[in-house]
Amino acid sequence: MMAGMAHTVAALAMPGVVAFDLSTAAQVFGMPGEHEYEFAVATPTSGAVPTSTGFSVSGVDGLDAVVRADTVVIPGHRPYDISDGDVVAALREAHERGARLVSICVGAFLLARTGLLDGLSATTHWQDAAELQRRHPAVQVEPDVLYIDHGRIATSAGVASGIDLCLHLVRQDVGASAAHRIARRMVVPPHRDGGQAQFVDPGTRLARGGELIDAVMNWAVRHLDQPLGTAELARRANLSERQLTRRFLAETGVSPFQWLLHQRTLRAMELLEGTDLSLETVAARSGFGTASTLRRRFRDALETTPSAYRATFHRGGTR
């Protein structure tokens with residue numbers, strides 16, 4: 001960015017735009033009295049733009065604002081399968097001219113339709129990651145991160161992670177002090193530890209199998225504090241370890257070891273959220289044995305620490 005020249009940002013409001021995503025861009029880049037950026041809202045339609053929550057946004061520019069911008073932010077919109085050739089063409093033209101394209105949440109679906117994500121890693125809301133991967137197999141979808149920045153292409157995960165990405169871009173553009181000032185104004189942390197995986201609803205990630213495997217899984221979930229392994233699960237199913245592993249993979253898509261590790265992680269998350277138990281006790285009750293093992297697992301699986309996870313999600317209470 002040249003000295004004395006504000007960086008122009010255009011937020012592309014498609015019909016059904018997610019209001020939170022759009023306001024994220026406006027809060028970070030478009031606050032009156034802050035001079036690092038010039039901000040506009042652009043739309044392919046004339047008149048007011050309906051949002052996904054029922055109200056409409058007026059006072060917007062046309063697609064020429066997208067083509068002129070230094071950064072184009074693509075908030076999510078629902079339904080996200082709206083096809084608009086003029087919008088795709090405008091995004092490609094902006095990128096060819098040197099603009100940075102940034103998606104928030106399911107805005108990644110529109111960005112992917114440009115072809116500019118092909119061969120790159122990208123993220124979106126964890127609930128929609130599998131669908132993004134199905135529709136755009138040339139994109140490497142990473143469902144567990146808060147955002148991915150490739151320089152002139154960047155994507156963020158669900159909803160509030162758009163704030164994380166936008167503040168990251170401010171740090172890149174004009175420095176940490178401006179990013180911290182904006183974060184303080186918005187009453188949000190200037191940087192969050194961890195990835196999107198820590199926010200995923202545990203119930204939605206529970207792999208299920210057939211009747212026999214289901215029974216073994218239900219039993220194991222009630223005995224996670226015991227030293228379970230594939231051999232013990234095989235005995236419960238009256239199968240050999242090889243047979244159990246084959247059935248598990250066929251019916252759930254993961255190995256018994258991977259499934260057990262995942263269930264222990266979920267149990268630890270639940271205990272950290274709902275109890276004041278020590279880390280050693282949480283580790284024992286979830287089957288990790290020691291606090292150090294628990295910390296390694298959280299680092300590898302959630303990119304955070306048990307203590308940081310508890311500080312974010314703790315609901316209080318003991319059991």
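Quick note: numbers below take in every heavy atom, side chains included, and nothing from hydrogens, waters or symmetry partners.
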### Task
Find out whether Thr265 and Phe288 are in side-chain contact, i.e. whether some heavy atom of one side chain is under 4.5 Å from a heavy atom of the other.
yes

### Task
For the residue pair Arg113 and Val87, establish whether any side-chain heavy-atom pair is separated by less than 4.5 Å.
no

### Query
Between the main-chain N or O of Ser240 and the side-chain N or O of Gln243, is there a donor-acceptor pair closer than 3.5 Å?
yes

### Task
Taking all non-hydrogen atoms of both residues into account, name the closest pair between Asp276 and Arg310 and its distance.
C-NH2, 3.8 Å

### Message
Determine whether Thr305 and Ser307 satisfy the following criterion, side chain to side chain donor-acceptor pair (under 3.5 Å), listing intermediate values before the conclusion.
### Response
CA-CA 5 Å; Thr305 65; Ser307 297; 5.0 Å; no

### Pairwise distance CG(Leu260) to OG1(Thr230) - rounded to 0.5 angstrom
7.0 Å

### Message
Under 4.5 Å between side-chain heavy atoms, counting indirect links through other Ile/Leu/Val/Met/Phe/Trp/Tyr residues: same cluster for Leu244 and Leu249 or not?
### Response
no

### Query
Can you check whether Thr8's main-chain N or O pairs, donor with acceptor, with Asp70's side chain at less than 3.5 Å?
yes

### Task
Flag yes if more than 12 heavy atoms outside Asn238 fall under 6.0 Å of its CG atom; otherwise flag no.
no

### Task
Check the pair Arg296 / Thr293 against side chain to side chain donor-acceptor pair (under 3.5 Å), numbers first and verdict last.
CA-CA 5 Å; Arg296 284 196 299 272; Thr293 302; 3.2 Å; yes

#### Entry: side chain to side chain contact (heavy atoms under 4.5 Å, CB included) between Leu132 and Phe109, worked out
CA-CA 6 Å; Leu132 180 63; Phe109 283 81; 3.7 Å; yes

### Query
Is the shortest heavy-atom distance from the side chain of Glu36 to the side chain of Asp173 under 4.5 Å?
no

### Query
Okay, side chain of His150, backbone of Ala122: is any donor-acceptor separation there less than 3.5 Å?
no

### Task
Answer whether the closest heavy-atom distance between the side chains of Met269 and Phe298 falls below 4.5 Å.
yes

### Message
I'd like to know if Val188 and Met31 are part of one continuous hydrophobic network [Ile/Leu/Val/Met/Phe/Trp/Tyr, side-chain heavy atoms within less than 4.5 Å].
### Response
no

### Message
Is there a side chain to side chain contact (heavy atoms under 4.5 Å, CB included) between Met186 and Val28? Walk through the geometry before answering.
### Response
CA-CA 8 Å; Met186 295 176 66; Val28 174; 3.7 Å; yes

### Within one Ile-Leu-Val-Met-Phe-Trp-Tyr cluster: Leu271 and Leu266, side-chain cutoff 4.5 Å
yes

### Nearest-0.5 Å distance that lies between atom OH in Tyr147 and atom NE2 in His168
5.0 Å

### Task
First locate atom SG of Cys105, then atom CG of Leu165, and finally report the distance between them rounded to the nearest 0.5 Å.
12.0 Å

### Query
Side-chain heavy atoms under 4.5 angstrom apart, residues restricted to Ile, Leu, Val, Met, Phe, Trp, Tyr: same cluster for Leu12 and Val67?
no

### Query
To the nearest 0.5 Å, how far apart are OG1 in Thr51 and CZ in Phe20?
14.0 Å

#### Entry: Minimum heavy-atom distance between Asp21 and Pro75, given as atom pair plus value
CB-CB, 3.5 Å

### Task
Take Val221 and Arg267 through the test side chain to side chain contact (heavy atoms under 4.5 Å, CB included) and record every step on the way to the result.
CA-CA 9 Å; Val221 166; Arg267 175 61 54 79; 3.7 Å; yes

### Closest non-hydrogen atom pair, Ala183 against Leu167
CB-CD1, 4.0 Å

### Message
Any non-hydrogen side-chain atom of Pro256 less than 4.5 Å from a side-chain atom of Leu233?
### Response
yes

### Task
Pick out which of Phe29, Tyr37, Phe39 makes a ring-ring contact (aromatic ring centres under 6.0 Å, His included) with His7.
Tyr37

### Message
Between Arg92 and Thr114, is the side chain to side chain donor-acceptor pair (under 3.5 Å) condition met? List the steps.
### Response
CA-CA 6 Å; Arg92 286 175 176 159; Thr114 68; 5.3 Å; no

### Task
Specify the closest pair of heavy atoms between Ala48 and Ser56, including all atoms of both residues, with the distance to one decimal.
CB-CB, 3.9 Å

### Query
What are the two closest non-hydrogen atoms of Leu279 and Leu294, and how far apart are they?
O-CD2, 3.9 Å

### Check: His136 and Leu117 side chains under 4.5 Å, non-hydrogen atoms
no

### Task
Would you name the heavy atoms of Pro15 and Thr45 that are closest together and state the gap between them?
CG-CG2, 4.0 Å

#### Entry: Side chains of Ser156 and Ile104 in contact at under 4.5 Å (non-hydrogen atoms)
yes

### Task
May I have the step-by-step check of side chain to side chain contact (heavy atoms under 4.5 Å, CB included) for Leu116 and Leu91, ending in yes or no?
CA-CA 10 Å; Leu116 296 171; Leu91 290 172; 5.6 Å; no

### Query
Charged N to carboxylate O below 4.0 Å: is that the case for Arg68 and Asp64?
yes

### Query
Say you draw a straight line from CE of Met217 to CZ of Arg236; how long is it, rounded to the nearest 0.5 Å?
15.0 Å

#### Entry: Any donor-acceptor N or O pair under 3.5 Å, side chains Ser161, His125
no

### Query
Would a distance-only check, ignoring hydrogens and angles, find a side-chain to backbone donor-acceptor pair under 3.5 Å from Arg264 to Leu224?
yes

### Query
Roughly how far apart are Thr71 OG1 and Arg100 CZ, rounded to 0.5 Å?
3.5 Å

#### Entry: Arg222 side chain to Asn218 backbone, donor-acceptor under 3.5 Å
yes

### Message
Is the shortest side-chain heavy-atom distance between Leu120 and Thr155 below 4.5 Å?
### Response
no

